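Read through the structure below, which is laid out as C-alpha cells, and then see the notes.
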Amino acid sequence: MYYAATHDETETIVLGEKVGKMLRPGDFVALYGDLGSGKTRFAQGVALGMGVGTSTRVTSPTYTIMNEYSGAFPLYHFDLYRLGGDSDVTELGFEEYFSGQGICLVEWAERLVSELPDEFLKISFCHEGGEGRTILFEGFGDRYLELLRMLFRGGVGSFD
Amino acid sequence: MKGVFCTPLVFKYMLLLTIESSCDETAAAVVKDGRIILSNIIASQVSIHAEYGGVVPEIASRKHLEAITFIIEEALQKASVTLAEIEGIAVTHGPGLAGALLVGVSTAKAIAYARNLPLIGVHHIEGHLFASFLERPVSFPFIALVVSGGHTHLYKVGGFGEYEILGQTLDDAAGEAFDKVAKLMGLPYPGGAEIDRLAPLGDPRSIKLPRPLLRDGSFNFSFSGLKTSVLTYLQKNPVAGNDSMLHNLCASFQEAVSEVLVTKTAAALRKTGIKRLVVAGGVACNSGLRREMNRMALKEGVELNIPSPLLCADNAAMIAVPGNYYLEKGLKEGLELDARASWPLDTVSATLKRLG
C-alpha cells in the first residue's frame, strides 16, 4: 500500500492529474471515502491528466450517477452514492461500461461488491482536519501494482 | 380568375400528452396549447427513497416502468380527455440516466405509433426554463437560474432553442449540497426541504460559512467547499441533541447558498442589461432563496418569475411548453428517437436544425 498526503484541494487535483496521465483503456479506478473527502476533486485531476479540455466542467455525478467525458480515451465518471447495492448496478447496465474500452472512475465504490472487477486500483480518501487529506493507494492485479510502482517511484508517502 | 381564399383566423391549439422520466419522477400531463394545464400527474417516490437516506435510481428505474401506464391513464382521466383527442406527444429524451429516460421515450414512441401522432423530444432543462410560462408567459430575452439536485446553471434565453450558458457549478449542484449537508447534520431525507423547514428557527449570521467564488467576476458556482466547511464545523461542534445549534447551522448554510445564487444572478442581469428573470428547478422551492430573489428583483427593478412549487420540481407539464412550440412549427421526431444521456443544453439548436 502506498499513501500520499495532500494539504489542499489543488494538491489533490494535481495528484489526480498524475494518475490520469498513467491510465489506459479498460482501467478501473475505485474511489472510497466520506462526504467531502476529495473524491470529486481527485476525479477532476484525473480528467485533466487524461486530456479532457479545461473548458469542460467535470462536476459531481451524484444526481446524474454517471457523467461521460472524452479525453485521450472515454472517461466514465460514476458516483454510486445514491445507489443501494450490486443489483442496482446490474439493472442500470453499468457492467457494460465496467468491461469496456473506456476508463471507469467510480466514486462511492463501497456500493460495489460482486460487481467490482478482479483487478482494479483502489484509492481511499481520509480527512486529516481542515483541507488536509491522506490518500491511500492499493493495486489489485499486476497492471495496477506496476502503475503504483511508477507513480511512487520517488518513495512511499511522496509523489513527484 | 384565381380564387382568393379568405381563411378565417383560426387559433390553432394542440392538445398534448407529455411524459417525463429523466430522473426520479415518473410524470405525465395533458396540456392545451402549451399553456393550459388540464392535468399534471407526478408519481412522487420520496416515501420509497426515504428508507435509503437518498434517492435510489435502481428503484426509480423499475418504478418508472411500473408506474408509467397508470400515470398516463390518470393524466388523461383527470384531464377528461381520451387518447383519441390527443394531437401530439412530447417526451423528455435527455439528459439523464439512459434506463430511466428509455421508459418515457419508449412509451411515447409506442403511443405515437399506435395513434399516428406527431412526436417531439424535449431537453429536460428546457422544460424547467419554460415551466413558469404555464402561469405567465415571459418575454424574450430573459436570464434563467436553474437550480436542482443535478444543476446549478445560469442561462441567457433568447427564444425557444436559443440558450447560452453564462455560468455553472464547478463541482456540486446547489440541491446536492443541501441534501449532503443535511445528511452530515443527520437530518432525514429529503434533506433540502428539512433544512428549509428548520432555517427560520435559527440565526443566519451565527455561524460564519464561506461564500465560494462570490467575487471572482465569473458566473460560476462552487458548493463543494461549503459542504466541507459544514463538515469541519460539525467535527468541532457536534449538533446532535442541540437544537438551537442545528437551527443556526441550517439558517447559516441556507443563507450562504442563497447569497451566492442571488449575487451571481444579479451580476448576470446587470452585465447583460436584461430585466427579466426566471428561477426554476427543485431548489427554487426553497423559501429562503425565493425571499432573497424577490428582494433582489425589487431592488434591481427586475421582473421575477418563479413557478409555483409543483412546477419547480420535475414534472411533465413543463415539457409541453417547448414541445407544443416545436410541434406547431412542424418539427417532429421519427420512431428512431432515442434517449440522450448526455446532452448539453446549448446544443439543442443543432438538434432543432436537424429536424428542419
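Not measured: the values here are computed from a predicted model. Keep in mind that the numbers below use all heavy atoms, side chains included, and drop hydrogens, waters and symmetry copies. The chains referred to below are lettered A, B, ... by the order of the sequence lines, with proteins before strands, and numbering in each begins at 1.
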For the atom pair [atom1] ([X]) and [atom2] ([Y]), what is the distance rounded to the nearest 0.5 Å?
X      : Y      : atom1 : atom2 : result
A:Y81  : B:D179 : OH    : CG    : 7.5 Å
A:D34  : B:L231 : CG    : CG    : 8.0 Å
A:T40  : B:E176 : OG1   : CD    : 7.0 Å
B:S342 : A:M66  : OG    : CE    : 8.5 Å

Which portion of B:T152 sits near chain A, non-hydrogen atoms under 4.5 angstrom
neither

Where does B:K180 contact chain A at under 4.5 Å (heavy atoms): side chain, backbone, both or neither?
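Contact with chain A involves both backbone and side-chain atoms of B:K180.
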
Quick one: of B:Q168, B:K236, B:H151, B:K227, who has the most non-hydrogen atom pairs under 4.5 Å with chain A?
B:Q168

Most heavy-atom pairs under 4.5 angstrom with chain A, which of B:G149, B:G99, B:G150, B:S148?
B:G149

Flag the pair B:D171 and A:R57 as a salt bridge only when some basic side-chain nitrogen lies within less than 4.0 angstrom of an acidic carboxylate oxygen.
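Here B:D171 does not pair with A:R57 in a salt bridge, since their nearest N and O are not under 4.0 Å apart.
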
Would you say that more than 12 heavy atoms from the other residues, nucleotides or ligands in this model lie under 6.0 Å from the CG of A:D142, or not?
no

Under 6.0 Å from the OH atom of B:Y163, do we count more than 12 heavy atoms belonging to anything else shown?
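Yes, OH of B:Y163 has more than 12 neighbouring heavy atoms, counting only those of other groups under 6.0 Å.
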
A:H127/B:T232 under side-chain contact (heavy atoms from CB on, under 4.5 Å): CA gap, chis, key distance, verdict
CA-CA 10 Å; A:H127 287 280; B:T232 309; over 6 Å; no

How close do B:C23 and A:R82 get, counting heavy atoms only, and between which atoms?
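That closest heavy-atom pairing would be SG-NH2, 4.1 Å.
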
For B:D172 versus A:S60, what's the shortest heavy-atom pair and its separation?
OD1-CB, 3.4 Å

Max heavy-atom pair count under 4.5 Å with chain B, selected residue of A:T62, A:V58, A:T64
A:T62

Counting only non-hydrogen atoms closer than 4.5 Å, does A:E131 touch chain B with its backbone (N, CA, C, O), its side chain (CB onward), both, or neither?
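For A:E131, neither part sits under 4.5 Å from chain B.
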
Would a distance-only check, ignoring hydrogens and angles, find a side-chain to backbone donor-acceptor pair under 3.5 Å from A:Q44 to B:L170?
yes

